[in-house]
*Asks:* 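Shown below is the structure under consideration.
We're numbering straight along the sequence, starting at 1.
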Amino acid sequence: DLTGSHRALSRAVAYCGRAGEVTRAAAALTHLAETYSRLGNAEAALRTASRGLGLYRRLGHRAGQANALLNLSDYYRLLAQYAEAESCALEAQEIHEELGSRIEYAFDACYLARVYLERRDAGDVERALAMASAGVERAHATGNATALVMGLMVSALARAGRGDIADAV
């Protein structure tokens, strides 16, 4: 029940804030943003995720920052704000590389590919295919099945977007 989740997470954010539990407040904001997104309110998701990112930045919590940035990338993409979406995904990718998180890098590549697929500027479909392929390679290297499925899905969409329908399936 998304409405119940929204209420519970809103209370958690308020409680954590009053209790000085900044890390937990940031995590609750991340989950609340996802709830807004699932409810179809990308604007509220964006505002809420931005608050969470601010807390993670204040704490110097690099992994939290990267994950918040990746979520922000998705919300910006949903709002067709592709420059912001790309910027957030690239920053998340830089942090994950800095942290040596090969699994997360696979997801970063797929998020970037999705931005490129929807933006459709000159060369974006090829960029999307390259990023999706990089995500698939990283997923194979780490053995992460979720990242692999996401990479293969985005790769197929990029191939279809390029007109290679037979190669997409």
*Asks:* Is there a path of hydrophobic side-chain contacts, each under 4.5 Å between heavy atoms of I, L, V, M, F, W or Y residues, that connects I95 with L53?
*Replies:* yes
*Asks:* Taking the six-membered ring for Trp, are H61 and Y56 parallel (under 30°), tilted (30 to 60°) or perpendicular (over 60°)?
*Replies:* tilted
*Asks:* Give a yes or no answer on whether the side chain of S50 reaches the backbone of L46 with a donor-acceptor pair at less than 3.5 Å.
*Replies:* yes
*Asks:* Could you list all the ring-ring contact (aromatic ring centres under 6.0 Å, His included) pairs where at least one residue sits in residues 107-157, not counting sequence neighbours?
*Replies:*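 Of all non-adjacent pairs touching residues 107-157, none passes ring-ring contact (aromatic ring centres under 6.0 Å, His included).
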*Asks:* Is the side chain of S10 donor-acceptor paired with the backbone N or O of H6 at a distance under 3.5 Å, no angle test?
*Replies:*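 The answer is yes, because a donor-acceptor pair under 3.5 Å joins these two groups.
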*Asks:* Flag yes if L117 and M153 sit in one hydrophobic cluster, no otherwise; membership is Ile, Leu, Val, Met, Phe, Trp, Tyr, and two members link when side-chain heavy atoms are under 4.5 Å apart.
*Replies:* yes
*Asks:* Please list all pairs passing the salt bridge (Lys or Arg N to Asp or Glu O under 4.0 Å) test where one or both residues lie in residues 124-145, with sequence neighbours left out.
*Replies:*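 Every pair satisfying salt bridge (Lys or Arg N to Asp or Glu O under 4.0 Å) with a residue in residues 124-145: R119-D124, D124-R127, E126-R162.
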*Asks:* Show the nearest heavy-atom pair for residues T48 and Y36, with the distance to one decimal.
*Replies:* OG1-CE1, 3.3 Å
*Asks:* Give the cluster check for L2 versus Y75: same hydrophobic cluster or not, with ILVMFWY residues linked at side-chain heavy-atom distances below 4.5 Å.
*Replies:*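 Unlinked, L2 and Y75 end up in two clusters.
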*Asks:* With the 4.5 Å side-chain cut-off for hydrophobic clustering, are L69 and L29 part of the same group?
*Replies:*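 No.
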*Asks:* For the CE atom of M131 and the CG atom of L112, what is their distance to the nearest 0.5 Å?
*Replies:*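 Taking CE in M131 and CG in L112, the distance rounds to 4.5 Å.
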*Asks:* So which atom in V22 and which in R58 form the shortest heavy-atom distance, rounded to 0.1 Å?
*Replies:* CG2-NH2, 3.3 Å
*Asks:* For V125 versus G161, what's the shortest heavy-atom pair and its separation?
*Replies:*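 In terms of heavy atoms, the two residues are closest at CG1-C, 4.0 Å.
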*Asks:* Ignoring hydrogens, what is the shortest heavy-atom contact between S73 and A85? Give both atom names and the distance.
*Replies:*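 Closest approach of S73 to A85, heavy atoms only: OG-O, 2.8 Å.
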*Asks:* Which atoms form the tightest heavy-atom contact between A42 and L78, and what is the distance?
*Replies:*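 A42 and L78 have their closest heavy atoms at CB-CB, 4.2 Å.
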*Asks:* Any salt bridge (Lys or Arg N to Asp or Glu O under 4.0 Å) pairs touching residues 5-23, not counting sequence neighbours?
*Replies:*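 Of all non-adjacent pairs touching residues 5-23, those that pass salt bridge (Lys or Arg N to Asp or Glu O under 4.0 Å) are E21-R24.
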*Asks:* Of the non-hydrogen atoms in A139 and A106, which two are nearest, and what is the gap between them?
*Replies:*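 Nearest pair, atom of A139 first, then A106: N-CB, 3.9 Å.
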*Asks:* Taking the basic N atoms (NZ, or NE/NH1/NH2) and the acidic carboxylate oxygens, is any pair closer than 4.0 Å for R114 and E118?
*Replies:* no
*Asks:* Would you give the length of the straight line joining atom CD of E86 to atom CD of E84, rounded to the nearest 0.5 angstrom?
*Replies:*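 Rounded to the nearest 0.5 Å, the CD-CD separation comes out at 10.5 Å.
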*Asks:* To the nearest 0.5 Å, tell me how far E104 CD sits from E97 CD.
*Replies:* 12.5 Å
*Asks:* List the steps, then state whether side-chain contact (heavy atoms from CB on, under 4.5 Å) holds for Q81 with V115.
*Replies:* CA-CA 9 Å; Q81 296 178 26; V115 171; over 6 Å; no
*Asks:* According to a hydrophobic-cluster definition based on side-chain heavy atoms being under 4.5 Å apart (Ile, Leu, Val, Met, Phe, Trp, Tyr only), do L99 and L72 belong together?
*Replies:*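 L99 and L72: one cluster.
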*Asks:* State plainly whether the residues E91 and R57 are in salt-bridge range, i.e. N to O under 4.0 Å.
*Replies:* yes
*Asks:* In the structure I gave you, are the side-chain heavy atoms of R51 and R47 within less than 4.5 Å of one another anywhere?
*Replies:* no
*Asks:* Kindly compute the distance separating CG (D74) from CG (L79), expressed to the nearest 0.5 Å.
*Replies:* 10.0 Å
*Asks:* Quick one: pull up CZ in R77 and SG in C88 and give me the separation to the nearest 0.5 Å.
*Replies:* 13.0 Å
*Asks:* Could you tell me the separation between the OH atom of Y105 and the SG atom of C110, rounded to the nearest 0.5 Å?
*Replies:*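 That separation rounds to 10.5 Å.
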